[in-house]
There are 2 protein chains.
Amino acid sequence: MAKNKNLPDSPGRYAYDGLDRVIHEKARLGILTSLAGHPQGLVFNDLKDLCSLTDGNLSRHLQILCEASLVEVWKSYGNNRPQTLVRLTPAGRQRFLDYVHVLESVVTDALAMTPASNDKPRLLPGLTPQ
Amino acid sequence: MAKNKNLPDSPGRYAYDGLDRVIHEKARLGILTSLAGHPQGLVFNDLKDLCSLTDGNLSRHLQILCEASLVEVWKSYGNNRPQTLVRLTPAGRQRFLDYVHVLESVVTDALAMTPASNDKPRLLPGLTPQ
DNA sequence: CGATTGAACTTTACATGGCAAAGTCTAGCA
DNA sequence: TGCTAGACTTTGCCATGTAAAGTTCAATCG
């Protein structure tokens, strides 16, 4: 949990390289989180509702997630209608978890200094004020 | 902590409306997190290094954060060079905190179902499998 | 003392990418 | 055999992130 990330102010300390662009997008983050909680997969319309997305929107993002091999899409015919089932791939689940861990560190960073800002007389770290 | 967010699968459950676009961008998230930990503010170059950004990049994002009233920018002349000091505004700090709380719930959601996926016999929530 | 370098930003231009509106395709129904 | 409805896909526009080029000013060099 404590890599070199708790060092005071090293260069790149807040670069958050691990924030995978493909995952970090709001809509896709919602999609992946939904899927993470539904290992059996979700059909297109349920996913659409859970994430409050439009058809076109969801379609596009699924395409992107698919190309990145984060999810897999299964087509079939449930009660005489096309049904699209979406699931996380194992690799996708792993990449998502990695991403979430970075997210955790962002939250930790953010909450570490902030809430005590009114009572703690803070000393300036490495900055030379002149 | 438990709004209606722990309800099984209500529509919009994973929409994450609170993920403010202005804040959610990777680079700006880094900038804001840096600033959250440095209430006295940071100068342009330190911020640049902490976030591993290029000059132009940082400049652009600061502009955006400024227009959104999340940060304030002070110009001056420290040792015969222009110095730009950047700080979170009080409102900015609040909005950032709000955002971080949403982020926390994303992490919670993501980790809630996922890590036990090998030993916990999971029961399907609200989905009707047919 | 005019030219040049270097620091510290700003501006511009391009290219990616998100989003919504329009389009496709199949099945049932009148 | 049109027509409507559902389930997506495709297209096109516009916002936005990024890198490269530009600007400004102080100090230094010839």
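Chain A is the first sequence line, chain B the second, and so forth, proteins listed ahead of strands; every chain is numbered from 1.
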Practice task
Taking the side chain as every heavy atom from C-beta outward, state whether L111(A) and E104(B) have any pair of such atoms under 4.5 Å apart.
Solution key: yes
Handout entry: Any D49(B) side-chain heavy atom under 4.5 Å of D9(A) side chain
Key = no
With respect to the phosphate group of [N], does any side-chain polar atom (N or O) of [X] fall under 4.0 Å of OP1 or OP2?
X: N45(A); N: dG6(D); result: no
X: T84(B); N: dC9(C); result: yes
X: H61(B); N: dT18(D); result: yes
X: N57(B); N: dA19(D); result: yes
X: R21(A); N: dT16(C); result: no

Which listed nucleotide ([options]) is nearest to the side chain of [X]?
X: I64(A); options: dG17(D), dA27(C), dG18(C); answer: dG18(C)
X: E25(A); options: dG18(C), dT26(C), dC25(D); answer: dG18(C)
X: R28(A); options: dC9(C), dG18(C), dC8(D); answer: dG18(C)

Fill in the blank from the handout: Comparing nearest nucleotides in DNA chain C, the 5'-proximal residue of the pair V73(B), R81(B) is R81(B)
Exercise for the section: Tell me which of R60(A) and S59(B) sits closer to the 5' end of DNA chain C, going by the nucleotide each one is nearest to. Expected result: S59(B)
Could you tell me how far apart [X] ([atom1]) and [N] ([atom2]) are, to the nearest whole angstrom?
X: L19(B); N: dG18(C); atom1: CG; atom2: P; answer: 15 Å
X: D49(B); N: dA7(C); atom1: CG; atom2: C1'; answer: 13 Å
X: Q83(A); N: dT26(C); atom1: CD; atom2: P; answer: 17 Å
X: D55(A); N: dG23(C); atom1: CG; atom2: P; answer: 16 Å
X: L47(A); N: dC8(D); atom1: CG; atom2: P; answer: 11 Å
X: L65(B); N: dT16(D); atom1: CG; atom2: C1'; answer: 13 Å
X: L53(B); N: dA20(D); atom1: CG; atom2: P; answer: 15 Å
X: K26(A); N: dG18(C); atom1: NZ; atom2: P; answer: 13 Å

Separation of [Y] [atom2] from [X] [atom1] (nearest 0.5 Å):
X: H61(A); Y: L70(A); atom1: NE2; atom2: CG; answer: 13.5 Å
X: Y16(A); Y: S52(B); atom1: OH; atom2: OG; answer: 11.5 Å
X: L62(B); Y: N57(B); atom1: CG; atom2: CG; answer: 10.0 Å

Exercise for the section: Indicate, with a heavy-atom threshold strictly under 4.0 Å, whether L58(A) touches base, sugar-phosphate, or nothing. Expected result: nothing
